[in-house]
Every structure is written in C-alpha cells, then in structure tokens.
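Step one of this worksheet: look at the structure below.
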Number of protein chains: 4
Amino acid sequence: MSLSKPIGERSERPGDDAGSAGKRERRKEARPGELLDAALDLFVEKGFAATRSEEVAARAGVSKGTLFLYFPSKEELFKAVVRENISGRFDEWNQEFEEYQGTSAEMVRYCIQVWWDRIGATRASGITKLMMSEARNFPELAAFYQQEVIRPGTQLIRRILQRGVESGEFRPNLDVDYSVYSVIAPMIFLIMAKHSLGACVPEDFAVDPQRYLQAQADMLVAGLCNREPLP
Amino acid sequence: MSLSKPIGERSERPGDDAGSAGKRERRKEARPGELLDAALDLFVEKGFAATRSEEVAARAGVSKGTLFLYFPSKEELFKAVVRENISGRFDEWNQEFEEYQGTSAEMVRYCIQVWWDRIGATRASGITKLMMSEARNFPELAAFYQQEVIRPGTQLIRRILQRGVESGEFRPNLDVDYSVYSVIAPMIFLIMAKHSLGACVPEDFAVDPQRYLQAQADMLVAGLCNREPLP
Amino acid sequence: MSLSKPIGERSERPGDDAGSAGKRERRKEARPGELLDAALDLFVEKGFAATRSEEVAARAGVSKGTLFLYFPSKEELFKAVVRENISGRFDEWNQEFEEYQGTSAEMVRYCIQVWWDRIGATRASGITKLMMSEARNFPELAAFYQQEVIRPGTQLIRRILQRGVESGEFRPNLDVDYSVYSVIAPMIFLIMAKHSLGACVPEDFAVDPQRYLQAQADMLVAGLCNREPLP
Amino acid sequence: MSLSKPIGERSERPGDDAGSAGKRERRKEARPGELLDAALDLFVEKGFAATRSEEVAARAGVSKGTLFLYFPSKEELFKAVVRENISGRFDEWNQEFEEYQGTSAEMVRYCIQVWWDRIGATRASGITKLMMSEARNFPELAAFYQQEVIRPGTQLIRRILQRGVESGEFRPNLDVDYSVYSVIAPMIFLIMAKHSLGACVPEDFAVDPQRYLQAQADMLVAGLCNREPLP
DNA sequence: GATGAATGAGCATTCATTCAT
DNA sequence: TATGAATGAATGCTCATTCAT
C-alpha cells in the first residue's frame with residue numbers, strides 16, 4: 001500500500017533558505033507556487049475579501065506587480081489556489097481501497113487516518129475551510145469542488161460502507177447514502193476546529209486530533225457494527 | 001416540556017407588504033431588528049467583508065444613512081448580529097434535560113431534534129456558519145461565541161453522555177469528552193450543507209434534513225449503546 | 001457721553017433658568033436669538049465647516065429640525081450670525097467722537113478702551129475672528145463686513161488721527177491713512193489671542209487684556225506724539 | 001549678514017509645463033512637496049474642513065489615491081503642512097541679531113523688513129493664517145506652533161527691545177514684555193490682510209505692504225524712542 | 001521579467017436637509 | 001410649531017489593477 005505524497009504541501013517557504021549567493025536570487029518557476037502557498041494561508045486565515053493582494057505578494061517575497069504577472073486578478077488567484085490543491089487523487093485512492101485486504105471496520109479506520117495524514121493534517125485542509133466560507137461567492141468553484149472532491153469522496157466512502165453491509169459486518173438496516181455523512185462530518189468538524197474557531201480560543205477549544213479521530217472512529221465503527229435493534 | 005419559540009425568527013420582512021408603503025416611514029422600534037435580520041442573511045450569504053452596508057440597508061427597506069443611525073459601524077452591526085442571535089438559551093435547555101424522564105438514548109435523539117427545531121432549521125443557524133467563516137477576523141466575537149455557545153452546548157451534551165454511561169446504557173469505555181463531538185459534528189455539517197456548499201449545488205448535495213438527522217441519530221445511538229468490543 | 005449697550009451680548013443662556021413651571025417652556029420669539037448665540041460660539045470655536053448643525057441646535061436647547069425652521073440652511077444661519085452681530089453702531093460712535101472734548105491722545109486712548117468694552121470683551125469679538133477665518137468662503141459676507149465694519153471703523157479712526165495732526169498734537173509727517181492700521185492691528189491681534197491660539201495654550205500665551213491695551217495705547221500715543229525726527 | 005533663502009517657496013508647480021506631460025509620471029521624491037504646497041494653498045484659502053482631499057491632489061497634479069500614498073490621512077497632511085513650514089529658523093536669526101552692529105531702532109526696522117522678506121511675503125505666511133483659523137481644531141498643533149514659532153519669535157523681539165531700553169535708546173518706562181506685541185500685531189494684521197479679508201475686497205482694503213510696513217515701523221520706532229512723558 | 005508609484009472605482013461613513021408625526 | 005427619524009449627496013479612504021521604468 002503506497003503512501004502517496006500528501007497534497008497541498010510545498011517543501012520550503014521562500015526566503016527561508018539564505019543559502020545561495022546574491023540576494024533575491026530565486027528560481028522563476030517557483031514563483032507561482034510560492035504565491036499560491038501564501039494565498040492559501042491568507043485566504044484561509046482571513047477569507048477572500050479580507051485578504052489584500054499586496055499581503056499575498058509580500059508573504060511570497062515578491063512585489064505587488066509580480067503577483068499580477070502570474071495571475072490576472074485576485075479572483076483568478078483564488079481559483080488557482082483551489083484548483084492547485086484539488087488534484088484528482090481519487091483514482092489512486094479508489095484503487096488502494098479496491099485492493100485493501102482487511103475488514104470493513106479496519107477499512108473505515110484506515111480511511112479516516114489516511115484522510116488525516118494526507119489532507120486533514122496538511123495545508124490542503126485549508127481548502128475545505130475556504131470552500132465552506134466562500135462557496136456562495138464562487139459558485140463556479142463550488143461546483144468544481146463538488147465535482148472533484150465531494151462526489152468522488154462520497155462515492156469512495158459509500159463503497160466502503162456498502163462493502164461492509166454486504167459482507168454482513170455492518171448493520172443491515174444502515175442508510176448507506178446518509179451514513180456517508182457520519183464519516184464526513186467529523187472530518188469537516190476537525191478542519192473547522194483547526195482553521196476557524198479553534199484557531200482563536202486555544203485553551204478551551206483545543207482539540208487533540210489523534211484522540212479526536214480515535215473517538216470518532218470508535219463511535220463510527222461501533223455504530224456501524226451494532227447489529228442489535230436501535231433504542 | 002415546553003417547546004420554546006425558535007430563536008432568530010422574525011415574523012415579517014419589511015417591504016413585503018406594499019400596502020401602506022410610502023417612504024419615510026417612522027419605525028424606530030422595528031428598525032434595528034429588521035436591519036439585523038437583513039445583515040444576518042447577507043453576512044451568511046456573502047461574508048462580512050463582501051457585504052456592502054448599502055445592501056444591508058436596502059434589504060431592510062431603508063436607506064444607507066438609516067443603518068448608521070442604529071449601528072455606528074459595519075463592524076458593530078456584525079457584532080450586534082451575533083449577539084442578538086446568541087441569547088443564553090442554555091439555562092432553559094439544561095433544566096429541560098434535567099427533568100427529562102426517558103432513556104439516555106431517547107435523550108440524545110431528543111437533543112438532536114430539539115436542536116434542529118430551535119436552531120438548525122431557523123435563521124439562528126446562520127450564526128454558526130458566520131462564526132465558522134469569520135472567527136479569525138473577529139477574535140473578540142469568537143471568544144464570546146465560545147463562551148456563550150460552544151462551552152454551554154458542550155457541557156449540556158457532555159452531561160447527557162455521562163448520564164448514559166453511568167446508567168449503563170452507553171459503552172463504559174466511552175471517551176465522554178471527545179464523544180461530545182460526535183453529537184456536534186453532524187450539526188455543524190448540516191448547517192454547512194444548508195448555508196455553504198449545499199446552497200450552491202442543489203441537486204447533488206441536497207441533504208434531506210430529517211433523513212439526515214435520522215441517520216446520524218441512529219449511528220450515534222448505535223455507537224453509544226454498542227457494548228461489544230470494538231473491531 | 002452715553003455708553004451704549006454692548007453689541008453681541010444676550011442676557012442669559014437658554015436652559016439656565018429653570019425658574020418657570022413646566023419644562024421646555026420657552027418664549028418662541030427668543031428661539032432665533034438663542035440659535036444665533038449658539039451658532040456664534042460654535043462657529044468661532046470650530047469654524048463654519050467643522051460646526052455641525054445639530055450641535056448648534058443642541059446648544060440652543062432645541063431639536064435639529066427647529067434650526068431649519070428658522071434658518072433655511074446652515075449657510076444662511078452663518079450669514080444671519082454675522083449680520084446680527086454687526087449692527088451699524090458707527091453713526092452713534094461717530095457722534096460720540098464728534099462731541100468729544102479732550103485731546104486727540106485722550107481720544108485715541110478712549111477709542112481703544114471703548115472698543116474693548118463694547119466689542120473686544122464681548123461675544124461680538126467672535127465675529128471678527130469668524131470673518132478672518134471664513135472670509136474667503138463667504139466673499140459676499142466679507143464685502144458686507146468691509147462695508148459695515150471695516151470702512152466706517154477705518155474712517156472713524158482716520159478722523160481722529162487727522163484731528164490730531166491738524167491740531168498739532170501728532171507728528172506732522174504722519175501717514176494718516178496707513179497709521180490707522182496701528183490702531184486696528186492691536187485690536188485684531190487681541191481678538192486672535194482671545195479666540196484662536198490664545199484659547200489653546202493658556203499659560204504661555206495668556207495675554208492680560210488691560211495690560212495689553214495699556215501697552216499698546218502707550219506705544220501708539222508715544223508714536224503719534226513723537227515730534228522728533230525718526231531714527 | 002547673509003540673507004537666507006525665504007522658506008515656504010517651491011520653484012515650479014507641477015503640471016504647469018505641459019511639455020513632457022504623459023500621465024503616471026513617477027516622481028516619488030517630488031510628490032510630498034508638491035502635495036504640501038497644494039495643501040497649504042487650499043487650507044489657507046478655504047480652511048481645513050472645507051478643503052477636499054481630492055482637490056489637494058488635483059492641484060498637485062496627481063490622483064486622489066496618490067495623496068494617501070504619502071500622507072495617511074487628511075489630518076496628517078495638515079500636520080505635515082504646518083511642520084514643513086516651521087523649520088526652526090530662529091537659531092540663525094538669533095545669531096544674526098546677536099552680531100548686528102546698528103542702533104536698536106535700526107534693528108527693529110531691520111527685523112520687520114526681514115520678517116516680510118522671509119515670511120510675510122512668502123507662502124510661509126499662509127501658515128500663520130492657517131494656525132489662526134484652525135488652532136482650536138488642532139490643539140496639538142497649536143501647542144507645537146506656540147513652542148516652535150510664537151515663543152522663539154517673542155523672545156527674539158523681546159531681546160531687541162530689552163537691548164534698546166538698556167542702551168537708553170528706548171523709553172525707560174517701556175513694558176518690554178507687552179511691547180513685543182506692538183511688533184507682532186502689525187505682522188499678524190498684514191498676513192490677515194493678505195490671506196483673509198484683504199484677499200476678498202481688493203480695492204477698498206488693498207494694503208501696499210511696503211508703505212504699510214514703513215508706517216508701522218515709523219510708528220513703532222517713534223513710540224519706542226519717545227522719551228517724553230506720555231499724554 | 002520585476003518593481004512599486006500611480007490610478008480610480010468602490011465602499012464606509014457623515015451630516016445638511018426633509019418631512020411625517 | 002416642534003420633533004427626530006429618515007434620506008442621500010458628498011467625502012475620506014482603500015485596494016485591486018496598471019504601467020513606466
């Protein structure tokens with residue numbers, strides 16, 4: 001089972017490596033990426049409208065003008081940020097689960113952990129926060145996100161649940177279609193805790209991701225595997 | 001057990017009745033509420049920064065100047081919107097659950113349904129979306145929300161879970177503190193489905209609230225009551 | 001020699017007398033005057049543009065609307081303030097000096113003292129400050145002020161100086177026309193000290209009017225009466 | 001004795017030469033000065049509140065936004081205008097008078113003429129008008145002006161008068177402290193004639209500066225040197 | 001290419017003025 | 001008459017975008 005490279009991660013921040021000689025020496029090809037990184041951070045942190053273009057440029061270590069050299073407008077920058085961080089990784093992931101050998105419960109646990117490792121814990125999780133916040137202002141992007149992320153993700157999880165029901169591991173009366181949300185909701189919640197309210201009130205709301213995922217996975221597996229009549 | 005009136009609902013929108021009409025109507029009492037309603041809608045829909053003051057005024061059926069007659073700035077308007085919709089309802093709810101006679105499983109189901117009736121299905125749900133999107137820009141309000149909503153809500157749910165564990169209904173190995181999120185996460189998710197992505201892509205993502213809540217409550221209760229060792 | 005009533009003085013401020021019965025009882029006829037008083041104070045203090053109409057109304061103890069009941073616009077209010085406080089008192093004063101019996105030097109001293117008693121020390125002095133500050137924005141008023149105040153005042157002083165030269169009291173080589181300014185300039189300066197910079201830095205710039213007028217009158221008389229060749 | 005360059009004068013106005021023209025000229029060095037010049041003119045002409053930011057920018061030949069590129073607010077612009085034109089010139093002047101060889105009467109005449117050449121006749125005179133008009137709205141600046149201009153100027157003149165009294169040239173009974181105003185008042189008056197009322201009613205009030213200064217200097221010297229008992 | 005000075009449309013806010021009560 | 005809620009033109013200021021260097 002190959003662990004594919006997490007998406008949304010870029011190795012180093014610009015300016016961190018004061019290694020090579022003259023100042024301001026930078027590989028051109030890296031510029032757009034650095035801008036996208038900076039933009040992702042700021043859009044997630046402050047929202048699209050409240051993020052100033054100049055700030056993005058500054059964080060990427062370039063001038064205001066340079067930003068518009070690579071992206072014709074702030075809106076296009078936003079779209080690029082979203083697109084850049086939604087690489088269609090689902091084919092690969094589908095295959096991973098196709099070949100998976102364990103039980104369906106293990107598969108659910110694995111799914112959650114893999115999501116955390118590759119998405120939740122990475123910069124890519126910001127995209128989800130971003131879409132949640134800005135969807136209404138970018139319906140076109142929302143549709144794109146729906147198409148590229150929501151639908152395949154939902155389908156992937158749905159197949160896992162279906163497999164569990166068919167194998168007799170999970171409750172036979174499971175509402176497979178809507179139980180998918182029982183897997184997704186905890187993910188969304190964790191992202192929001194990380195990027196939204198949780199980023200503001202550290203002490204009281206601080207969620208320990210691993211313990212959180214453990215509790216959610218336990219609850220989920222217990223709920224899926226409970227064959228007795230529900231009270 | 002009295003079903004208290006849902007919060008965040010205002011009976012009629014101004015300007016809907018083209019009856020009496022005539023401009024320069026004097027409604028000092030009604031104005032603030034109408035403005036807050038309009039602002040809530042727009043802030044939820046477009047975000048704080050992307051909402052123009054004049055738009056809020058227009059939706060409330062008044063002129064730009066009138067808005068500033070009641071709220072000294074756009075930011076104060078935002079704060080008022082949040083505060084207005086976070087009336088400490090928790091004392092009442094705590095008492096309700098204190099006096100509740102059914103099983104803990106029933107209590108969990110009731111909790112979810114009551115949340116939906118009084119918050120999720122009402123305009124008040126917009127506040128949650130708002131806080132999720134704008135928390136980073138309004139740390140002061142985020143703290144306020146944490147204090148007034150998150151903390152009491154968490155405590156209320158925690159007590160319910162604790163009760164179930166102590167009565168032997170729920171799994172004894174339940175991580176009570178973090179299982180609270182298993183109740184909250186589906187609520188947050190439903191609100192986001194209603195106000196964010198779900199508001200953009202009706203067909204594919206359309207969630208039927210009742211069926212959704214049914215599935216989530218089932219999963220939750222099944223997970224809570226499953227006494228067998230978890231796979 | 002009659003001491004005519006100082007101009008620009010109104011006996012009592014509205015609201016100071018809580019004497020008569022019910023509140024808000026006020027003689028209608030007094031309203032415009034109270035508004036003019038309040039306006040004069042504020043225009044002098046902050047200038048025309050920086051004075052808000054509502055503030056004028058509030059200081060006069062009436063509502064915003066009432067102000068516009070008596071004066072069709074802020075600009076008209078300003079004009080009324082200026083006109084109200086420039087009553088053509090010069091005929092009377094001319095006669096006073098026509099009948100004056102003392103020396104010309106005494107006349108000059110008397111002139112200065114009378115100006116202080118009737119203008120400089122009174123609210124009317126604010127008008128001068130006002131014209132200095134706002135003349136460029138109200139050329140029409142400036143012309144009016146020139147006509148009603150500057151010209152007659154200048155002429156009055158000129159006649160006094162002329163009388164002194166003709167009687168042999170004053171230097172024969174006196175530039176009568178321009179020496180008039182030697183009388184006026186100290187007056188203007190004192191008004192500015194009172195209403196402008198002097199009102200800001202109490203300690204350092206505080207000018208004792210009587211000592212100031214004494215010194216200026218001395219210098220003036222000494223300069224007028226010095227018959228020796230000028231060094 | 002060197003005649004230092006008059007302050008407050010800038011050689012050419014931008015946009016006067018339609019030669020090179022072309023918009024979007026980059027003149028980072030020159031901009032602030034041009035804006036300060038334009039602002040000084042307009043503030044003197046119309047007052048702070050009545051001057052629109054865009055007007056200042058337009059007169060400086062730039063767009064609205066450029067103004068705020070150099071000055072963060074209209075108020076800061078005002079402060080900069082005042083500060084820019086109050087360069088501590090007094091050290092130089094003090095030394096000049098320290099080394100002066102003529103009589104005290106000549107010194108007084110020289111003082112007046114030098115003031116006119118370096119201040120009165122230049123754009124710097126507008127600052128005085130400005131402070132007179134706006135002191136109450138900018139108490140902080142008024143204090144600054146008091147500190148940087150009023151106090152040193154007063155001291156300089158006071159020393160000259162003191163010198164004359166001690167040398168026996170001037171009246172021994174001179175109220176030195178308050179006679180200083182006999183020198184200052186004519187200056188203030190001339191500035192007001194130039195920038196205020198005098199700028200409105202050219203014909204009647206037009207003051208010929210040189211003749212005016214001659215008359216005032218004559219009167220002053222005559223008053224200072226008159227050793228006879230005052231009538 | 002890269003820069004950052006310059007632009008100006010856009011928006012928050014103020015306040016003289018109106019007018020229903 | 002008097003009020004003060006309501007209005008909207010005017011204005012300070014921001015910031016995405018352009019473009020001369």
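We name chains A, B, ... by the order of the sequence lines, and we start the count at 1 in each one.
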Could you state the [atom1]-[atom2] distance from [X] to [N], rounded to the nearest angstrom?
X: C:Leu35; N: E:dA16; atom1: CG; atom2: C1'; answer: 15 Å
X: C:Glu54; N: F:dT7; atom1: CD; atom2: C1'; answer: 14 Å
X: D:Lys64; N: E:dA5; atom1: NZ; atom2: C1'; answer: 17 Å
X: D:Lys46; N: F:dT11; atom1: NZ; atom2: C1'; answer: 13 Å

Next item on the list: Report the residue (D:Gly65 or C:Phe48) whose heavy-atom-nearest nucleotide on DNA chain E is the more 5′ of the two.
Entry: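 Mapping each residue to its closest nucleotide by heavy atoms, the 5'-most match is D:Gly65.
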Next item on the list: Using heavy atoms to find the nearest nucleotide of DNA chain F for B:Arg26 and B:Val62 separately, return the residue whose nucleotide is more 5′.
Entry: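 First, find each residue's nearest nucleotide; the 5'-ward one identifies B:Arg26.
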Check: Mind checking what makes side chain to side chain contact (heavy atoms under 4.5 Å, CB included) contact with B:Ala30, not counting sequence neighbours?
Finding: B:Arg27, B:Glu34
Margin query: Quick test of your reading of the model: are A:Asp37 and A:Arg59 salt-bridged, counting only N-O distances below 4.0 Å?
Written below: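 Judged by the 4.0 Å cut-off on N to carboxylate O distance, A:Asp37 and A:Arg59 do not form a salt bridge.
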Next item on the list: May I ask you to decide whether B:Glu134 forms a salt bridge with B:Lys46, counting only side-chain N to carboxylate O separations under 4.0 Å?
Entry: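 Salt bridge: no.
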Margin query: If the condition is side chain to side chain donor-acceptor pair (under 3.5 Å), which residues does B:Lys64 pass it with, not counting sequence neighbours?
Written below: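 Testing B:Lys64 for side chain to side chain donor-acceptor pair (under 3.5 Å), a comparison that skips the adjacent residues, returns none.
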Note to self: A:Thr66: which residues meet the side chain to side chain donor-acceptor pair (under 3.5 Å) condition with it, sequence neighbours left out?
What the structure shows: A:Ser63
Notebook entry, point to check: So, do C:Val82 and C:Phe138 sit near enough that their side-chain heavy atoms are less than 4.5 Å apart?
Noted result: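 Side-chain contact under 4.5 Å: no.
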Next item on the list: Could you tell me whether the side chain of B:Arg52 reaches within less than 4.5 Å of the side chain of B:Lys74, counting heavy atoms only?
Entry: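 In short, these two side chains do not touch, never coming nearer than 4.5 Å.
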Checklist line | Runs of at least three Watson-Crick or G-U pairs with DNA chain F, cut-off 3.5 Å | finding: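 Looking at DNA chain F, the stems formed by three or more consecutive pairs are E:2-21 with F:2-21.
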Next item on the list: State whether D:Ser53 places a side-chain N or O below 4.0 Å from either non-bridging phosphate oxygen (OP1 or OP2) of F:dT11.
Entry: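 So the side-chain polar atoms of D:Ser53 never come under 4.0 Å of the phosphate oxygens OP1 or OP2 of F:dT11.
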Margin query: Using a strict heavy-atom distance below 4.0 Å, which residues from residues 66-78 of chain D are in contact with DNA chain E?
Written below: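 Correct list: D:Thr66, D:Leu69, D:Tyr70.
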Item checked: ring-ring contact (aromatic ring centres under 6.0 Å, His included) against C:Phe43, all qualifying residues, sequence neighbours excluded -> C:Phe48, C:Phe78
